[in-house]
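Side chains are part of it too, since the values below use all heavy atoms of this structure and drop only hydrogens, waters and symmetry mates. Please read all numbers here as calculations on a predicted model, not as lab measurements.
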Amino acid sequence: MHIAILTLTFSLPGCGSLKEKRHRMGGLHARFGNTPSIAVCESGERDRHAASEWTFVIVGLSKREVESQCSQIEEKLERTVDARVMDVEREFV
């Protein structure tokens, strides 16, 4: 069993409220949380309008599988979220 912790930090330029932030970052739980091998949560910057941090825990049978899922998550977020990815951290446990 292989486990990765993927943490992404986002910048939300021009975001004026927490409601707008939820709208712009919305759906991450629905998009990724329904996958049995992925857990997701907003892990930081919860009270800031212009920033957000999300952590994904990915579990798989091989390191290659887990790395592939991490890459897929990163690519999908860069395409679908109305924010800039400022930092990406991967940690294998």
Side-chain angles (χ1 to χ4, degrees):
M1 178 91 28
H2 295 268
I3 301 170
I5 301 170
L6 176 66
T7 303
L8 293 100
T9 304
F10 298 92
S11 171
L12 293 99
C15 187
S17 69
L18 292 176
K19 183 177 181 178
E20 180 183 351
K21 176 181 174 176
R22 282 192 307 272
H23 176 72
R24 290 173 65 175
M25 298 302 295
L28 292 185
H29 284 282
R31 280 183 258 169
F32 299 102
N34 293 332
T35 305
S37 61
I38 299 173
V40 59
C41 72
E42 185 175 15
S43 56
E45 307 293 352
R46 290 179 160 194
D47 295 328
R48 288 188 55 205
H49 299 168
S52 189
E53 178 185 274
W54 287 78
T55 298
F56 299 79
V57 177
I58 301 100
V59 178
L61 296 177
S62 70
K63 187 172 182 180
R64 183 177 174 188
E65 176 187 350
V66 171
E67 287 176 334
S68 175
Q69 284 189 320
C70 287
S71 295
Q72 289 173 14
I73 291 169
E74 287 179 48
E75 291 169 10
K76 188 169 186 176
L77 289 174
E78 288 178 2
R79 286 190 326 266
T80 61
V81 173
D82 184 15
R84 281 189 229 144
V85 177
M86 301 303 290
D87 188 39
V88 177
E89 294 179 26
R90 284 188 192 186
E91 178 184 349
F92 292 90
V93 182

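- Cluster membership for Val66 and Leu61, using ILVMFWY side-chain heavy atoms within less than 4.5 angstrom, is not shared.
- Residues forming a side chain to side chain donor-acceptor pair (under 3.5 Å) with Glu91 (at least two apart in sequence, or on another chain): none.
- Looking at residues two or more places apart in sequence or on another chain, you find a side chain to side chain donor-acceptor pair (under 3.5 Å) between Glu42 and Lys21, Ser52.
- Counting heavy-atom neighbours within 6.0 Å of Asp47 CG, excluding the residue itself, gives a total of 12 or less.
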Might you work through the side chain to side chain donor-acceptor pair (under 3.5 Å) test for Ser37 and Gln69, ending with a clear yes or no? CA-CA 9 Å; Ser37 61; Gln69 284 189 320; 3.2 Å; yes
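- The CZ atom of Arg48 sits 11.0 Å away from the SG atom of Cys15 when rounded to the nearest 0.5 Å.
- Taking Ser43 as the reference, Glu53, Thr55 meet the side chain to side chain donor-acceptor pair (under 3.5 Å) condition, with sequence neighbours excluded.
- Using a 4.5 Å cut-off on side-chain heavy atoms (C-beta onward), Glu89 and Leu6 make no contact.
- If you chain together hydrophobic residues whose side chains sit under 4.5 Å apart, Phe56 and Met25 fall into the same group.
- In this structure, Lys63 NZ and Ile3 CD1 are separated by 13.0 Å, a value rounded to the nearest 0.5 Å.
- Thr35 contributes no side-chain N or O that, together with a main-chain N or O of Ile38, makes up a donor-acceptor pair within less than 3.5 Å.
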Name every donor-acceptor pair, under 3.5 Å, that has one atom in a side chain of residues 75-85 and the other anywhere in the protein, sequence neighbours excluded.
from  : atom 1 : to    : atom 2 : distance (Å)
Thr80 : OG1    : Arg31 : NH1    : 2.7
Thr80 : OG1    : Lys76 : O      : 2.7
Asp82 : OD2    : Arg24 : NE     : 3.3

Please determine whether side-chain contact (heavy atoms from CB on, under 4.5 Å) holds for the pair Glu45 and Phe10, giving the CA-CA distance in whole Å, both sets of side-chain angles, and the decisive distance to 0.1 Å. CA-CA 9 Å; Glu45 307 293 352; Phe10 298 92; over 6 Å; no
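- A distance of 4.5 Å separates CZ in Arg90 from SG in Cys70, rounded to the nearest 0.5 Å.
- Under the side chain to side chain contact (heavy atoms under 4.5 Å, CB included) criterion, Ser68 pairs with Gln72, not counting sequence neighbours.
- For residues 70-93, no residue pair satisfies the ring pair (Phe, Tyr, Trp, His ring centres under 6.0 Å) rule, not counting sequence neighbours.
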Worked verdict on Thr7 versus Trp54 for side-chain contact (heavy atoms from CB on, under 4.5 Å): CA-CA 6 Å; Thr7 303; Trp54 287 78; over 6 Å; no
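- Looking at His2, its side chain never comes within 3.5 Å of a backbone N or O of Ser62 through a donor-acceptor pair.
- The pair Glu67-Arg64 fails the salt-bridge criterion, with no side-chain N (NZ, NE, NH1 or NH2) lying under 4.0 Å from an Asp/Glu carboxylate O.
- Each of His49, Arg46, His23 was checked for a side chain to side chain contact (heavy atoms under 4.5 Å, CB included) with Leu18, and the lone residue meeting it is His49.
- Residue Ile5 is not grouped with residue Val40 when hydrophobic side chains (ILVMFWY) are merged at heavy-atom distances under 4.5 angstrom, including chains of intermediate members.
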